[in-house]
Amino acid sequence: MKAVVLRSFGGSEQLSLENVPDPEPAFGEIVLKVATVSINRSFDLSVRKGTYSRGAVLPLVLGADPSGTVCAIGKGVTAFKIGDRVAVMSTIACGQCQECRRGAAASCGFSRTIGVHRWGGYAEYVAVPMSNAALIPETLGFDHATVIARHGAAAYNFLIDRGRLRAEETVIVFGASGALGGFAVQVAKLSGATVVAVAGTDSRAAFARQLGADAAINYRSGDLVEQVMALTNGRGDDLVFESSGDPDLWPLALRCVAQAGRLVSCGAHGGGNVQLDLKRLYVGRLQIIGAAGVKVSDLDWALGAGARGDIRATIDRVYPLERAAEAQDYVERERPLGKVLIAPGRVS
Ligand SMILES: [Zn+2]
C-alpha cells in the first residue's frame, strides 16, 4: 500500500510517500480502507517535529482519527463485518491499570495513541483494535465523521463527563473558534447550558456565535474579565473550558470561574506553565479538573449527534495522500478556521 512514512523528526520534508506492506489484522483488530483522516496540530505537527510530550515510535505513519470501510477482520472480531463504515477513537487504553480495571478507560494513564505510538491513517489501509471503532450512521459522510469522532467525542467527554455541565449552568469556552472549542460550544448549547465563547479576533468570535454561542467575546478588545462579569451579573461562569494553557490567558480564565465553580483544563499548546492564584482557588472553593482521552461511548454519542445534525464539523479543505506534507504546511502557516483533511481514497 501507499503510506506517508515519518522516519526522522523534523519539517514536513520528513514525510515521504512510500510503498509498504499492507497491514494484517491481529487478534481483535480490523483493517480499514482509509477514506479520510484529519490533521491535528496537537498530534501530527508536534509528533512530526519530535516535540510531542508523550513520545512517538519511529518509523511512523501519522493520522490519529482515520475513518473508512472495513476490508479485513482479525480473529475474535464479532462487532464488525466487511463493508462496515467506521470511525475511530485514537486513544487505546492499556486495559490493565487501576483506572482501566474500574471501568474508567478514558482516565487511563498508560494509553497509546493511533498515529503516534502505532501506525495511523496517512495510508491507504490501517489496522485498529475493534474496541476503538464505532459504526458511522448512514447519513454521516466520512469527512464529517472523522472530525466529529475526534473533536465532538472529546468535547462531550470533557464538558459532560469530566466537567459535569448541567442545563441550568453557564459555561465559558476559550478558543471557541478552534476545532475542539467549536465542538465544545455546540455540545454545551445542546446540553441546555448558556454559552459564552471567547476567541482572539472579531471574526473568530462571530464564527463562534454562528456555532450557537449565546455571547462571544474577542479577548483582545477590552478587559476580558469585565466583559464576562457584565454578561453574568458579576458572578462569573459555573464552568470554564480552557484548552490552550496560554500563560497570559489562563489566569484570566481562572478569574472567570464563579464561586464554587469548575475549570476544565484540556490542552496546553499555548505553553502550559501558568500562574495559579491559590487564594482565588481556595477562597472561591474552585475545582480545576484535568481532561484528556475519551471512551467509545463518547464516540457513539458524537457520531449519533452528527448524524442528527445536532453538531457539525467545519471543514476547510481536503488534500490527497500524495500532498500530505503540503497539507501540514498549510495548517501550520494559515491556521485555518476549519479542519484540513487527507483523503487517501481520493485522487488529486
Ligand atoms: Zn489503563
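Numbering of ligands and ligand atoms starts at 1, following listing order. No hydrogens, no waters, no symmetry mates; every other heavy atom, side chains included, goes into these values. Worth saying up front: this structure is predicted, and the values here are computed from it rather than measured.
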Using a cut-off of 2.8 Å, how many protein N, O or S atoms sit around the Zn ion (ligand 1)? 4
When you measure from the side chain of Asn157 to the backbone of Ala154, do you find a donor-acceptor pair of N or O atoms at a distance under 3.5 Å? no
Of the options Arg164, Arg262, Arg235, which is the one that meets Glu169 in a salt bridge (Lys or Arg N to Asp or Glu O under 4.0 Å)? Arg262
Would a hydrophobic clustering, with Ile, Leu, Val, Met, Phe, Trp and Tyr connected at side-chain separations under 4.5 Å, put Leu211 with Ile315?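 As far as the 4.5 Å side-chain criterion goes, Ile315 and Leu211 are connected within one cluster.
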Check whether the side chains of Asp65 and His151 place a donor and an acceptor atom closer than 3.5 Å, and report yes or no.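 No, His151 and Asp65 have no side-chain donor paired with an acceptor closer than 3.5 Å.
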Evaluate the ring planes of Tyr330 and Tyr319, with Trp represented by its six-membered ring, and classify them as parallel (under 30°), tilted (30 to 60°) or perpendicular (over 60°).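 Ring orientation, 0 to 90° scale: tilted.
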Evaluate whether atom CD of Gln275 has more than 12 neighbouring non-hydrogen atoms of other residues, nucleotides or ligands under 6.0 angstrom away.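 It does not: Gln275 CD has 12 such atoms or fewer within range.
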